[in-house]
Amino acid sequence: MRIVLLLLCLFPVLLPAQKVLQLEKYGKAKTTKFYIGDEITYQLAGDDYWYTAAINDINPENNYLLLNDRFVSLEKIVALKSFKSRQWSKAIGQQFNRFAAGWVVFGLADRFIFDGAREASWPLIIIPAGVAVVIAWA
């Protein structure tokens, strides 16, 4: 064990390194990090189109990104889109799921316990299905 640690200290080239593109906003403490293999959607200066590509390599010395099909200078990127889920949308989705599950459980309890095993009515099926469609669509 000591020999491995000694070799790693003597030959730091053997240590693995990780390249990260870190995006900081002025006045914000939180940063966004993009790693090699992450997919980004970006817009170039003087261009109205949005491009989507995976990061294959990051060259910090020359400020270049190697994407799927080309090198892109970081100075030419004017905008980035983020598709990461927001905290509020995740919480709302969980509440919709709980609502749909509660609707089914209480609807079935109403049918089988209090009404003597009547067949399920359409609102018992339509409302949870509608919630599932809304969650899938959003």
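Computed over heavy atoms, backbone and side chain alike; hydrogens, waters and symmetry mates excluded. Nothing fancy with the numbering, it's 1 onward along the sequence.
For Asn62 (side chain) and Asn59 (main-chain N/O), no donor-acceptor pair under 3.5 Å exists by modelled atom type. For the pair Gln43 (side chain) and Asp47 (backbone), a donor-acceptor distance under 3.5 Å is present.
The shortest side-chain heavy-atom distance between Val72 and Tyr51 does not fall under the 4.5 Å cut-off. Under the 4.5 Å side-chain criterion, counting only non-hydrogen atoms from C-beta, Gln22 is not in contact with Thr32. Residues Asn56 and Ile36 have side chains not in contact (no heavy-atom distance under 4.5 Å, counting atoms from C-beta outward). Considering only heavy atoms from C-beta on, Glu75 comes within 4.5 Å of Asn63 through its side chain.
Phe34 pairs in a side chain to side chain contact (heavy atoms under 4.5 Å, CB included) with only one of the listed residues (Ile58, Val20, Leu80), which is Leu80.
Annotation: the span from Thr52 atom OG1 to Lys81 atom NZ amounts to 8.0 Å, rounded to 0.5 Å.
Tracing side-chain contacts under 4.5 Å through hydrophobic residues (I, L, V, M, F, W, Y), one reaches Tyr49 starting from Tyr42; they form part of the same cluster. Trp50 and Leu44 are not part of a single hydrophobic cluster, where members link through side-chain heavy atoms under 4.5 Å apart.
Heavy atoms only, all atoms of each residue included: Gly37 and Ala54 are closest at O-CB, 4.4 Å. The two residues Leu67 and Ala53 make their nearest non-hydrogen contact at CB-CB, 3.9 Å. Looking at every heavy atom in both residues, Ile40 comes nearest to Leu65 through CD1-CD1, 4.1 Å.
Seen from the ring of Tyr64, Arg70 does not count as a face-on cation partner, given the 6.0 Å and 45° thresholds.
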